[in-house]
Amino acid sequence: MITLFVIVVVGYAAGKLRYMGGDFDRKLSSLVINWTCPALILSSSMTGDLPDRQYILPLLGISVLTYVVLTALAWGFSRLLTKRIEHRGILSFAMVFGNVGFMGYPVVASIFGHQAVFYAAVLNVVNTFAVFTIGTMMITGGEGSDRERFNKKVLYSTPMLSAYLSMLIVALGIDYIPGYVSQPLTMIGNITVPAALLIIGSSMSQLPLRALLGTPVVYATTLLRLAVLPLGVHFLCRALGFDPFVTNINTVVIAMPVATYGTILCLKYGRDTTLIAELTFITTLLSMLTIPLLVILF
């Protein structure tokens, strides 16, 4: 985590010095999401030592259970934390959805090994679907037509397609992929970790000083996002008999800081981005401490 944090700091400095930011960050983000991240997911199933296919269904099952539980808890906690109706949906989004694509894959890879990116990608299938259905409804307050709430094209985006293909490779037991296919994918996928962390650092550098300080509501939500909810779901899944390995990866994934999709959705639907920006910054910063502590507890 210290290594990852150093890269975030470098991104912050690059943003302050104007080497990054603005259009550069947007284009690099698009490159990471649509190209390098899918390559990372695919390469995780092309190592020659296939991930265990028996984990696919348990991972999908635990992910569905996780987002059902988190959504219910977030609905209740958001009403305890604020009386402002326009903030409840944003707080709920922050408690439910972690930054799996940008932070989740690098952290899972650093803790469990490169092959574990495949398992995180399986979990992210449910996460992505939930973000653009439940998450959109949280941000918009349930306004708009069903067509606005969920775009079916999300299911056929490159990150999702790469996850489907990876699961197919593992499920069929395809243990040989030619080097001229796997090696370029691995090299392109390796761009994901440093690029994603640099973007996070750069985006932090653009925030006003007020966002760096936070508010009591922001810190209470951060505590729930990074510690209380992941631990609660972890022990619930262990009590229900889920495999410890599956439970541990799921816990790390949902212990990520607030998903950057929250800001994107607020911008898309004309919502104020101040609160979601504060939550994203504070949770990203403090996750450098909370994630190692959670791993120690396992």
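Both backbone and side-chain heavy atoms feed into the values below; hydrogens, waters and symmetry mates do not. Everything numeric here is computed off the predicted structure, so don't read it as measured data.
- Cluster membership for V100 and L286, using ILVMFWY side-chain heavy atoms within less than 4.5 angstrom, is shared.
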Residues T221, L81; criterion side-chain contact (heavy atoms from CB on, under 4.5 Å); working and verdict: CA-CA 8 Å; T221 306; L81 289 172; 3.5 Å; yes
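- One finds the OG1 atom of T36 at 8.0 Å from the CG atom of L28 (value rounded to the nearest 0.5 Å).
- Residues passing the side-chain contact (heavy atoms from CB on, under 4.5 Å) test with T284, sequence neighbours excluded: I200, M204, P257, T280.
- Considering all non-hydrogen atoms of both residues, G179 and P184 come closest at O-CD, 3.4 Å.
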Stepwise side-chain contact (heavy atoms from CB on, under 4.5 Å) check, H87 with V217: CA-CA 10 Å; H87 283 177; V217 170; over 6 Å; no
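- S202 meets the side-chain hydrogen bond (donor to acceptor under 3.5 Å, both in side chains) test with D25; sequence neighbours excluded.
- By the side-chain hydrogen bond (donor to acceptor under 3.5 Å, both in side chains) test, E86 is found to be paired with R84, residues two or more places apart in sequence or in another chain being considered.
- The number of heavy-atom neighbours closer than 6.0 Å to CG of L80, taken from other residues, nucleotides and ligands shown, is above 12.
- Atom-to-atom distance recorded for L229:CG and F77:CZ is 6.0 Å, nearest 0.5 angstrom.
- Linking Ile, Leu, Val, Met, Phe, Trp and Tyr residues whenever their side-chain heavy atoms come within less than 4.5 Å leaves Y180 and M187 in two separate clusters.
- Cluster membership check: V69 shares its hydrophobic cluster with V96, using side-chain heavy-atom separations under 4.5 Å among Ile, Leu, Val, Met, Phe, Trp and Tyr.
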Trace of the side-chain contact (heavy atoms from CB on, under 4.5 Å) decision for F235 with L231: CA-CA 6 Å; F235 291 117; L231 283 174; 4.2 Å; yes
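- Here the OH atom belonging to Y219 is positioned 15.0 Å from the CG atom belonging to L224, to the nearest 0.5 angstrom.
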If you look only at distance, which donor and acceptor atoms sit under 3.5 Å apart when one is on a side chain in residues 243-254 and the other is two or more places apart or in another chain?
from: D243; atom 1: OD1; to: F245; atom 2: N; distance (Å): 2.7
from: D243; atom 1: OD1; to: V246; atom 2: N; distance (Å): 3.4
from: T247; atom 1: OG1; to: D243; atom 2: O; distance (Å): 2.9
from: N248; atom 1: ND2; to: P244; atom 2: O; distance (Å): 3.3
from: N250; atom 1: ND2; to: T66; atom 2: OG1; distance (Å): 2.9
from: T251; atom 1: OG1; to: H234; atom 2: ND1; distance (Å): 2.9
from: T251; atom 1: OG1; to: T247; atom 2: O; distance (Å): 2.7

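- For I7, the side-chain contact (heavy atoms from CB on, under 4.5 Å) partners at least two apart in sequence or on another chain are L197, L198.
- Considering only heavy atoms from C-beta on, I111 comes within 4.5 Å of V295 through its side chain.
- The minimum heavy-atom distance between L123 and L59, with the atom names listed, is CD2-O, 3.3 Å.
- Hydrophobic clustering places L223 together with L73 (ILVMFWY residues linked when any side-chain heavy atoms are closer than 4.5 Å, directly or through intermediates).
- With sequence neighbours excluded, the residues that form a ring pair (Phe, Tyr, Trp, His ring centres under 6.0 Å) with Y67 are F97.
- In this structure, OG1 on T186 lies 9.0 Å from CG on L40, to the nearest 0.5 angstrom.
- For the pair S287 (side chain) and T290 (backbone), a donor-acceptor distance under 3.5 Å is absent.
- Within the 4.5 Å cutoff, no side-chain heavy atoms of T283 are placed close to those of M256.
- For A39, the side-chain contact (heavy atoms from CB on, under 4.5 Å) partners two or more places apart in sequence, or in a different chain, are L185, I188.
- Taking every heavy atom of both residues into account, I291 and A255 meet most closely at CG1-O, 4.0 Å.
- In this view, T82 satisfies the side-chain hydrogen bond (donor to acceptor under 3.5 Å, both in side chains) rule with no residue, not counting sequence neighbours.
- R88 contributes atom CZ, which lies 13.5 Å from atom CE of M138 (distance to the nearest 0.5 angstrom).
- Nearest heavy atom pair, residue L65 against residue C237, reads CD2-SG, 4.3 Å.
- Applying the salt bridge (Lys or Arg N to Asp or Glu O under 4.0 Å) rule to pairs touching residues 11-24 yields D23-R26, sequence neighbours excluded.
- Listed by chain and number, the residues in a side-chain hydrogen bond (donor to acceptor under 3.5 Å, both in side chains) with S92 are S78 (sequence neighbours excluded).
- L17 belongs to a hydrophobic cluster with Y19, counting contacts under 4.5 Å between side-chain heavy atoms of Ile, Leu, Val, Met, Phe, Trp and Tyr, direct or through other members.
- Looking at every heavy atom in both residues, V32 comes nearest to A195 through CG2-CB, 3.7 Å.
- Here CG of L289 is found 7.0 Å from CG of L293. Values are rounded to the nearest 0.5 Å.
- A single hydrophobic cluster is seen to contain both F93 and V228, as judged by linkage of ILVMFWY side chains at heavy-atom distances under 4.5 Å, directly or through other members.
- Listed by chain and number, the residues in a side-chain contact (heavy atoms from CB on, under 4.5 Å) with L161 are Y164 (sequence neighbours excluded).
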side-chain contact (heavy atoms from CB on, under 4.5 Å) evaluation trace for M95 with L70: CA-CA 7 Å; M95 284 184 269; L70 288 179; over 6 Å; no
